[in-house]
Participant: 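Before I ask anything, let me first share the structure, which is written out below as C-alpha cells.
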Amino acid sequence: MSDPKRVVIIGGGIMGLSCAYYLAQRDYQITIVDRGEPTTQNCSFGNAGYVTPSHIVPLAAPGMMMMGLKWMRDPESPFYVRPRLAPDLISWGWQFFRAGTKAHVQRSAPLLCQLNMASRACFEELDDQLGDFDFAKNGMMMLCKTQHTLDEEAEVAQLAQSLGLQAEVLDARQTQERNPNVKLEACGAVYFADDCHMAPHKLMARLQEKLAAQNVNFIWNTEVTGWKRGSQKIHAALTSEGGIEGDEFVLCGGSWSTSIVRELALKIPLQAGKGYSLTLPQPHSQPAMPTIFVERRVAVTPMGNQLRFAGTMEIAGLNTNINPARIRGIKKSVPLYFPEFSDADFVGVQPWVGLRPCSPDGLPYVGRTARFSNLSIGAGHAMLGLSLGPITGLLLSQAISGEPLQVESPMLNPDRYG
C-alpha cells in the first residue's frame, strides 16, 4: 500500500482548517502552516459568527462604488476606502466597478445561495462531530430604520424566496414582537429563517482539537516566503523556517494570498477589508437572534452571555492598525436601533480587528489553478468567510481527491482574472 499523499495547507483560518478536516477523512498526510499563533485573532475568530444563506447579493453590486465614494468623506461611515496611489488598489477598484451590475447580481445570487445552504449542512455535521460551539438555527433579522431601506430589503427577500429561502417582511410591531428582550427603534425588518450563528472562537478551537487528534501537523508563527517549483508543479513551500515538501498545496492565506503567490505569476486580485468588533461581556439586554442594522452595516450577535457588535469595511491595505473613527462609527450606530444602549455600555471593551480578503467581483476563488497542477486556492470570501468556510474546504478536498464537486461554477475559478 502506498504512503498517503502529503498536503501542505497555507493558512490556519476557517478555510485551511475546513480543508484539513475533509482531507483527513480521506486519509491524507496534512501540514498546516500559519503566520500567526494558534489563537491568532484573524478573521475566523472575532467576526460576527454568521452562517448566511440570506447574503445572496455580492459585495460588487449596483451602486456600491458610488456609495463608497460618498462615504469616503466620512471616516466613521460603514464603508471607507483610504485614498492611496497604489496600482493594485486602482486596478481592483476598476474591476470592482465593472462587476457592480444587476446582471452580475442575478448570476451570483443562485450560486451564493447554493454555497451557503451547502455550507449550512456542513455546519450541522460539524455540530454533531465537534462538540459545542454554540451553533444556533434561529434565523437573522435585517433591521431597517426607514421605509426606503425596508422596501429595498423586501426586494432582496423576494429574490431569496425565488431561490427557495425563507424570508418574511415584518412591520415595526411584528419586529418588536420577535425581539421582546430588547427595545427597538425601527420601521420594520426582514427575517431570514435559514440563517444561523455560532461562537466562532469556539468553532476554531474545536476544529484545531479535532485535527490535532487526527495527527494533522501544525506549524505556527511561520510565513511562506517563496516556492520551489517546476514548470507546471509545486515541489515545496519555502518558509521562514525552511522548505516544506508536499504532493499537493492549498493556499488559504486570506488577505495575504495575493502576495504569497505573486512570484508564481498568478492573478488573484484581493484587497484587505478591515473589520472591527466589540463584545460586551454582560449586556443588560440581549436580542433574541442575530440582527443587522441595515443602514449602518453593523452586525449584532448574541454569543452565550455575551453580545458582539461587528462592522465596517475599511479598505486600507495590509495592516491591522485600529482606526478610532471606525470604532466610534460602530458605537454611534447602536443606540439608533437599540435605544437603551449607550456609549457607556462600551467602556473598557477592547476592540478586535481583522482583515477580510475581498475579490473585485465579490465571489471567492475556489479550486485548482491551471498553471500548477497541484496548487489549489481557497480565498477571497470577504464577509462570507466563516459562512462559506466548510463548503470551501469540502470542495477543495473533492478537487484534490478527483471526486465530483458538490458545487461547481466557472464563477469560482481562481484563474478568472488571467
Side-chain angles (χ1 to χ4, degrees), residues 48 50-71 78-79 81 91-120 140-144 146 148-169 189-195 269-271 273 275 292-297 299 311 313 315 356-367 379-388 391-392 407-414 416-417:
Y50 289 171
V51 181
T52 51
S54 63
H55 285 34
I56 53 177
V57 177
L59 181 62
M64 276 303 297
M65 177 61 78
M66 295 307 298
M67 187 179 296
L69 292 174
K70 181 184 73 173
W71 277 339
F79 182 44
V81 180
S91 174
W92 183 92
W94 173 244
Q95 292 164 331
F96 182 82
F97 172 75
R98 291 186 63 188
T101 66
K102 185 176 181 179
H104 178 61
V105 172
Q106 291 173 336
R107 288 191 303 268
S108 302
L111 174 60
L112 289 173
C113 179
Q114 184 183 15
L115 287 169
N116 272 297
M117 287 302 288
S119 209
R120 186 186 191 274
M140 174 181 297
M141 186 168 285
M142 307 293 289
L143 200 61
C144 303
T146 70
H148 174 72
T149 305
L150 183 59
D151 291 341
E152 290 182 334
E153 288 301 308
E155 292 180 5
V156 178
Q158 188 175 22
L159 176 59
Q161 290 168 345
S162 73
L163 296 171
L165 298 177
Q166 303 176 76
E168 184 180 357
V169 181
V190 174
Y191 171 66
F192 290 96
D194 297 296
D195 285 20
L270 291 171
Q271 284 295 313
I292 291 181
F293 303 156
V294 176
E295 291 89 351
R296 299 303 299 174
R297 306 297 200 273
M313 174 66 77
I315 308 295
R356 314 178 192 97
C358 301
S359 69
D361 59 8
L363 297 174
Y365 304 106
V366 182
H381 295 69
M383 293 89 69
L384 300 180
L386 185 75
S387 185
L388 298 183
I391 187 58
T392 297
V407 180
E408 192 166 9
S409 171
M411 299 174 72
L412 302 175
N413 186 353
R416 63 183 182 267
Y417 284 100

Participant: Side chains of His104 and Leu363: does their closest heavy-atom pair fall under 4.5 Å?
Facilitator: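 Yes, their side chains come closer than 4.5 Å.
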Participant: Shortest non-hydrogen contact from Phe192 to Ala160?
Facilitator: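 The answer is CE2-CB, 3.8 Å.
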Participant: Side chains of Val105 and Pro62: does their closest heavy-atom pair fall under 4.5 Å?
Facilitator: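 They are in contact (side-chain heavy atoms under 4.5 Å apart), so the answer is yes.
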Participant: Nearest 0.5 Å, please: how far is CD in Glu153 from NE2 in His148?
Facilitator: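 His148 NE2 to Glu153 CD: 10.5 Å, rounded to 0.5 Å.
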Participant: How long is the gap from CG on Asp194 to SG on Cys113, to the nearest 0.5 Å?
Facilitator: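 Separation between the atoms: 8.0 Å.
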Participant: Heavy-atom distance under 4.5 Å between the side chains of Ser359 and Tyr365, does that happen here?
Facilitator: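 Side-chain contact under 4.5 Å: yes.
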Participant: Going by distance alone, is a donor N or O of one side chain under 3.5 Å from an acceptor N or O of the other, for His381 and Thr392?
Facilitator: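 Yes, a side-chain donor-acceptor pair sits under 3.5 Å.
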Participant: Is there a side-chain contact between Val81 and Gln271, using heavy atoms and a 4.5 Å cut-off?
Facilitator: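 SC-SC contact between Val81 and Gln271 ruled out.
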Participant: Roughly how far, to the nearest 0.5 Å, is CG of Leu59 from CE of Met383?
Facilitator: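 Output value for this atom pair is 5.0 Å.
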Participant: With side-chain contact (heavy atoms from CB on, under 4.5 Å) as the test, would you mind laying out the steps for Arg297 and Met313 before giving the verdict?
Facilitator: CA-CA 9 Å; Arg297 306 297 200 273; Met313 174 66 77; over 6 Å; no
Participant: Nearest heavy-atom pair of Cys358 and Ala382: which atoms, and what distance?
Facilitator: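 Closest heavy-atom pair between Cys358 and Ala382: SG-CB, 3.9 Å.
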Participant: Can you name the nearest heavy-atom pair linking Leu111 to Met411, along with the distance?
Facilitator: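 So the minimum-distance heavy-atom pair works out to CD2-CB, 3.9 Å.
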Participant: Tell me whether the rings of Phe79 and Phe96 are parallel (<30°), tilted (30 to 60°) or perpendicular (>60°).
Facilitator: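 Rings of Phe79 and Phe96: tilted, 30 to 60°.
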Participant: Does some side-chain heavy atom of Met117 sit less than 4.5 Å from a side-chain heavy atom of Leu163?
Facilitator: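 Not in contact.
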Participant: Write down the atom of Met141, the atom of Ala189, and the distance for their closest heavy-atom approach.
Facilitator: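 Looking at all heavy atoms of both residues, the shortest contact is CG-CB, 3.4 Å.
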Participant: Using the rule given for side-chain contact (heavy atoms from CB on, under 4.5 Å), can you reason through Asp361 versus Tyr417, listing the C-alpha separation, both sets of side-chain angles and the distance that settles it, and then say yes or no?
Facilitator: CA-CA 10 Å; Asp361 59 8; Tyr417 284 100; 3.5 Å; yes
Participant: Below 4.5 Å, heavy atoms only, C-beta onward: do Asp195 and Pro53 meet side chain to side chain?
Facilitator: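 With C-beta onward as the side chain, the pair touches.
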Participant: I'd like to check Val190 versus Val156 (side-chain heavy atoms, cut-off strictly below 4.5 Å). Are they in contact?
Facilitator: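 Heavy-atom side-chain distance check fails, nothing below 4.5 Å.
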Participant: From Thr146 OG1 over to Glu152 CD, what is the distance, rounded to the nearest 0.5 angstrom?
Facilitator: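 That separation rounds to 7.5 Å.
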Participant: Any side-chain heavy atom of Leu388 sitting closer than 4.5 Å to one from Asn116?
Facilitator: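 Sidechains of Asn116 and Leu388: in contact.
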Participant: Enter the distance from Trp92:CH2 to Ile315:CD1 here, rounded to the nearest 0.5 Å.
Facilitator: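 Going from CH2 on Trp92 over to CD1 on Ile315, the span is 4.5 Å.
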Participant: State whether the number of non-hydrogen atoms from other residues, nucleotides or ligands found under 6.0 Å of Gln161 atom CD is greater than 12.
Facilitator: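 Above 12, so yes.
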Participant: Supply the atom-to-atom distance Leu384 CG to Leu115 CG, rounded to the nearest 0.5 angstrom.
Facilitator: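 Output value for this atom pair is 9.0 Å.
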Participant: Using atom types as modelled and distance alone, determine if a side-chain donor or acceptor of Ser387 lies under 3.5 Å from a backbone N or O of Thr52.
Facilitator: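 Here the side-chain-to-backbone pair exists.
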Participant: Testing the basics here: between Gly362 and Pro58, what is the closest heavy-atom pair and its distance to 0.1 Å?
Facilitator: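 It is O-CB, 4.0 Å.
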Participant: For Glu295 versus Pro78, what's the shortest heavy-atom pair and its separation?
Facilitator: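 Looking at all heavy atoms of both residues, the shortest contact is O-CG, 4.0 Å.
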